[in-house]
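Input: a single structure, listed below in structure tokens.
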Amino acid sequence: GENVEQHPSTLSVQEGDSAVIKCTYSDSASNYFPWYKQELGKGPQLIIDIRSNVGEKKDQRIAVTLNKTAKHFSLHITETQPEDSAVYFCAATSGRGADGLTFGKGTHLIIQP
Amino acid sequence: SAVISQKPSRDICQRGTSLTIQCQVDSQVTMMFWYRQQPGQSLTLIATANQGSEATYESGFVIDKFPISRPNLTFSTLTVSNMSPEDSSIYLCSVHRGQATEAFFGQGTRLTVV
């Protein structure tokens with residue numbers, strides 16, 4: 001089955017700086033890679049996703065890049081703000097709709113004022 | 001996005017008892033998924049629930065411990081049976097919207113077993 005590794009487990013950045021979280025996956029059949037933000041006491045919220053036919057996707061301050069050959073994908077947050085503080089999870093799936101997601105272990109992002 | 005409501009939002013239960021968690025979606029969906037998130041950990045898929053068929057369980061999860069019902073296309077339940085403190089976790093319901101692969105989550109049920 002799929003295995004997703006995520007690094008770092010904790011990331012502390014100064015407000016206004018950029019944050020990068022990296023994930024690798026093992027199953028070459030995986031073709032859908034979402035990122036979730038989870039705030040304390042809440043369910044995960046989808047913030048951005050990318051499919052295997054695309055190398056990069058951007059949505060305002062958030063971007064995701066995918067390297068299929070190396071089987072890794074990354075989340076980039078620019079101009080970080082205090083409300084970006086949360087736990088971020090990457091995930092992967094074959095995208096057939098019948099498969100659930102395999103999640104990374106999460107990154108606790110701390111934005112220092 | 002999909003609106004997913006879970007009940008209860010939290011509960012404290014005695015060991016040896018069972019708890020049924022409900023998941024209601026605001027529109028019909030084919031696939032519903034149940035995940036477990038142990039304290040400070042990531043999400044692990046428990047099972048996939050299709051309407052009209054038996055749920056499909058992931059390795060390490062069995063029907064006797066986590067029976068699932070899927071009576072229609074907008075509703076599912078997960079029961080945590082014969083609970084022990086190790087079952088203390090957040091249990092999350094998730095759906096995919098149509099043929100898209102975007103997955104949406106409920107707010108979760110925080111279960112504490114004492």
Side-chain angles (χ1 to χ4, degrees), chain A residues 1-10 21 23-25 27 29-54 57 59 64 66 73 86-109, chain B residues 1-7 9-10 21 23 25 29-51 53 55-61 68 76 78 89-112:
Chain A
E2 176 64 276
N3 182 50
V4 177
E5 300 283 341
Q6 182 172 348
H7 300 279
S9 58
T10 303
I21 303 170
C23 289
T24 60
Y25 63 98
D27 188 351
S30 289
N31 58 8
Y32 176 66
F33 308 92
W35 285 89
Y36 288 86
K37 176 183 181 182
Q38 187 175 31
E39 297 174 316
L40 197 62
K42 298 184 179 180
Q45 296 292 312
L46 179 67
I47 57 171
I48 197 168
D49 57 12
I50 192 167
R51 290 178 170 80
S52 59
N53 58 348
V54 175
K57 184 177 178 180
D59 182 3
V64 57
L66 171 65
F73 56 113
V87 179
Y88 291 80
F89 292 97
C90 63
T93 183
S94 66
R96 291 191 295 269
D99 296 339
L101 295 167
T102 300
F103 284 84
K105 292 189 181 298
T107 296
H108 185 193
L109 177 61
Chain B
S1 64
V3 177
I4 304 168
S5 300
Q6 277 186 242
K7 291 182 181 179
S9 59
R10 59 178 60 232
I21 302 167
C23 179
V25 189
V29 292
T30 304
M31 313 293 298
M32 294 181 77
F33 302 85
W34 287 98
Y35 289 83
R36 180 176 73 182
Q37 186 175 25
Q38 294 177 300
Q41 302 297 314
S42 186
L43 288 80
T44 301
L45 181 64
I46 297 172
T48 303
N50 291 338
Q51 192 267 337
S53 64
T56 302
Y57 289 83
E58 297 298 303
S59 176
F61 298 96
I68 287 172
S76 178
L78 170 76
S89 293
I90 299 172
Y91 292 86
L92 295 137
C93 170
S94 175
V95 303
H96 291 192
R97 172 72 75 183
Q99 293 299 314
T101 49
E102 290 88 348
F104 302 99
F105 288 82
Q107 82 279 14
T109 296
R110 183 179 295 272
L111 170 62
T112 302

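Chain letters run A, B, ... following the sequence lines, proteins first and then strands; every chain starts at 1.
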Is there a side-chain contact (heavy atoms from CB on, under 4.5 Å) between B:Trp34 and B:Cys93? Walk through the geometry before answering. CA-CA 5 Å; B:Trp34 287 98; B:Cys93 170; 3.8 Å; yes
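- Taking A:Pro44, A:Pro34, A:Gly106 one by one and counting their heavy-atom pairs under 4.5 Å with chain B, the maximum is reached by A:Pro44.
- For chain A, no part of B:Gln6 is nearby; none of its heavy atoms comes within less than 4.5 Å.
- Residues that satisfy the side chain to side chain contact (heavy atoms under 4.5 Å, CB included) test with B:Ser53, not counting sequence neighbours, are B:Asn50.
- With a 4.5 angstrom heavy-atom cutoff, A:Gln6 does not touch chain B via any of its atoms.
- Note: B:Gln38 CD to B:Ile90 CD1 = 11.0 Å, rounded to the nearest 0.5 Å.
- Counting only heavy atoms from C-beta outward, the side chains of B:Ile46 and B:Tyr91 approach each other to under 4.5 Å.
- Only the side chain of B:Leu92 comes within less than 4.5 Å of a heavy atom in chain A; its backbone stays farther off.
- Listed by chain and number, the residues in a side chain to side chain contact (heavy atoms under 4.5 Å, CB included) with A:Glu2 are A:Val4, A:Tyr25, A:Ser26, A:Asp27, A:Ser30, A:Ala92, A:Thr102 (sequence neighbours excluded).
- Looking at A:Leu46, only its side chain comes within 4.5 Å of chain B, counting heavy atoms on both sides.
- Most heavy-atom pairs under 4.5 Å with chain A, from the set B:Thr44, B:Leu43, B:Thr56: that is B:Leu43.
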